[in-house]
Novice: 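Quick one: structure below, then a few questions.
Every value quoted in this text rests on a predicted model; they were computed, and no experiment measured them.
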Amino acid sequence: MSSKTMKMPRRAAVLRLAGAASAAAAAWACGSESPTSPSAATSATGTTGATSGTVSTNGTCAVTPSETAGPYPSTVSIVRSDLRENRTGVPLALAIKVVNSNNNCAAVSGANVEIWHCDVAGNYSEYGSQTTQTYLRGIQTTDANGQVNFTTIYPGWYQGRATHIHIEVKVNSRSVKVTQIAFPESINNTVYASSVYASRGSNPTANLSDDIFRDSLASELVTPVGDPAGGYAASCQVVISA
């Protein structure tokens, strides 16, 4: 993230997001988990963003809904945690935990988790006019706690779809879950009125008008903590049945 994207000084951005994180934990319904509060941090590249804390698991272990991979899955394997490359936007730190409903909801270590999403303009890398680009895609392997962490930007939108991020989980090279996550429209609207998003405005497609989310939104909605100035952090549990 360039210094032009973040309008406030780095230290102020860190303190601001840390304050938001302490006020409320990032909550999301996919897998019915309760994550710990996220916090702000400075990445290895020197950019300020958010990092999510450890994702905890509660007693509910409903299998995460499966969704289409869509027309834009990655054509190559890109192993990395920071997906941004040259894309500007509001920082988003996303922690994902994978658990197995067939094993008492135990954490799944050694699983490959891949995420991908569009940029501020609604473009995906590797497709259309972006075939030589690889931004906003990446794979990480779950640790002993079944968790991976990604640094990206808040996704943009394109016509006909609610704001979303794609997730695929592979165990021993076998795809065991393909799903998508949605974001609250109140947060979408706040982000889309700010910084580099403002020229496009709000996403005209609501979550409940989206063919993917309308029948399963409660299980696929993630609610980040933070603000456009300091960035957001969110946590997500994906429940597989492998």
Novice: Applying a strict under-4.5 Å side-chain criterion to I, L, V, M, F, W and Y, I'd like to know whether Ile167 and Val171 cluster together.
Specialist: yes
Novice: Check the angle between the aromatic planes of Tyr154 and Tyr232 and answer parallel, tilted or perpendicular using the 30° and 60° thresholds.
Specialist: tilted
Novice: For Glu67 and Ser216, does a side-chain donor sit closer than 3.5 Å to a side-chain acceptor?
Specialist: yes
Novice: Out of curiosity, Asn103 CG to Ser241 OG, how far, rounded to the nearest 0.5 Å?
Specialist: 12.0 Å
Novice: Work out which heavy atom in Leu83 is nearest to a heavy atom in Gly138; give both atom names and the distance.
Specialist: CD2-CA, 3.5 Å
Novice: Measuring only between side-chain heavy atoms, which start at C-beta, is Asp227 closer than 4.5 Å to Ser194?
Specialist: no
Novice: How far does OG1 of Thr152 sit from CD1 of Ile115, to the nearest 0.5 angstrom?
Specialist: 5.5 Å
Novice: Whether the side chain of Thr142 engages the backbone of Ala111 through a donor-acceptor N/O pair (distance < 3.5 Å, no angle test) should be reported.
Specialist: yes
Novice: Please check if the side chain of Lys177 supplies one atom and the backbone of Thr64 the other of a donor-acceptor pair under 3.5 Å.
Specialist: yes
Novice: Under 4.5 Å between side-chain heavy atoms, counting indirect links through other Ile/Leu/Val/Met/Phe/Trp/Tyr residues: same cluster for Val196 and Val191 or not?
Specialist: yes
Novice: For a side-chain hydrogen bond (donor to acceptor under 3.5 Å, both in side chains) with Tyr135, tell me which candidate from His117, Arg84, Gln130, Glu85 qualifies.
Specialist: Gln130
Novice: Report the residues that fulfil ring-ring contact (aromatic ring centres under 6.0 Å, His included) with Tyr158, sequence neighbours left out, ordered by chain and then residue number.
Specialist: Tyr124, His164
Novice: Check side-chain contact (heavy atoms from CB on, under 4.5 Å) between Pro184 and all other residues, then give those that pass, not counting sequence neighbours.
Specialist: Ser186, Ile187, Leu221, Thr223, Pro224
Novice: For Trp157 and Gly201, indicate whether the former's side chain and the latter's backbone hold a donor-acceptor pair under 3.5 Å.
Specialist: yes
Novice: Hey, is the main chain of Ala69 close enough, under 3.5 Å, to the side chain of His166 for a donor-acceptor pair?
Specialist: yes
Novice: Using 0.5 Å steps for rounding, measure from the OG atom of Ser199 to the OH atom of Tyr197.
Specialist: 11.5 Å
Novice: Please, which pairs that meet salt bridge (charged side-chain N to carboxylate O under 4.0 Å, His left out) have at least one residue in residues 161-175, sequence neighbours excluded?
Specialist: Arg161-Asp210
Novice: Let's go through Asn86 and Gln133 carefully: what are the C-alpha distance in whole Å and the side-chain angles of both, what is the deciding distance for side chain to side chain contact (heavy atoms under 4.5 Å, CB included) to 0.1 Å, and is it a yes or a no?
Specialist: CA-CA 10 Å; Asn86 59 354; Gln133 303 296 313; 4.0 Å; yes
Novice: Any chance you could measure Asn189, atom CG, to Asn203, atom CG, to the nearest 0.5 Å?
Specialist: 8.5 Å
Novice: Between Val63 and Val239, which heavy-atom pair has the shortest distance, and what is it?
Specialist: CG1-O, 3.5 Å
Novice: Ignoring hydrogens and geometry, is there a side-chain-to-backbone donor-acceptor pair from Ser81 to Asn149 under 3.5 Å?
Specialist: no
Novice: Do you know the tightest heavy-atom contact between Cys236 and Ile181?
Specialist: SG-CG2, 4.3 Å
Novice: So among Asn100, Val176, Asn145, which one has a side-chain contact (heavy atoms from CB on, under 4.5 Å) with Val108?
Specialist: Asn100
Novice: Which heavy-atom pair separates Arg214 from Ser209 by the least distance, and what is that distance?
Specialist: NH2-O, 3.0 Å
Novice: Looking at every non-hydrogen atom in both residues, tell me the closest pair between Pro155 and Thr163 and how far apart they are.
Specialist: CG-CG2, 3.7 Å
Novice: Thr179 side chain to Ser66 main-chain N or O, any donor-acceptor pair under 3.5 Å?
Specialist: no
Novice: Are Trp116 and Phe150 co-members of a hydrophobic cluster defined by side-chain heavy atoms under 4.5 Å apart?
Specialist: no
Novice: Residues two or more places apart in sequence or in another chain: which of them pass salt bridge (Lys or Arg N to Asp or Glu O under 4.0 Å) with Glu126?
Specialist: Arg137
Novice: Parallel, tilted or perpendicular, judged at 30° and 60°: which one describes the rings of Tyr72 and Tyr127?
Specialist: perpendicular
Novice: Could you list all the salt bridge (charged side-chain N to carboxylate O under 4.0 Å, His left out) pairs where at least one residue sits in residues 105-122, not counting sequence neighbours?
Specialist: Arg87-Asp119
Novice: To the closest 0.5 Å, what do you measure between CD1 (Ile96) and CD (Gln140)?
Specialist: 10.0 Å
Novice: For the residue pair Pro73 and Gly70, what are the closest heavy atoms and their distance?
Specialist: CD-O, 3.3 Å
Novice: Can you measure from CG (Leu136) to CD1 (Ile153) and round to the nearest 0.5 angstrom?
Specialist: 5.0 Å
Novice: Applying ring-ring contact (aromatic ring centres under 6.0 Å, His included), which residue pairs with at least one partner in residues 205-230 are found, sequence neighbours left out?
Specialist: none
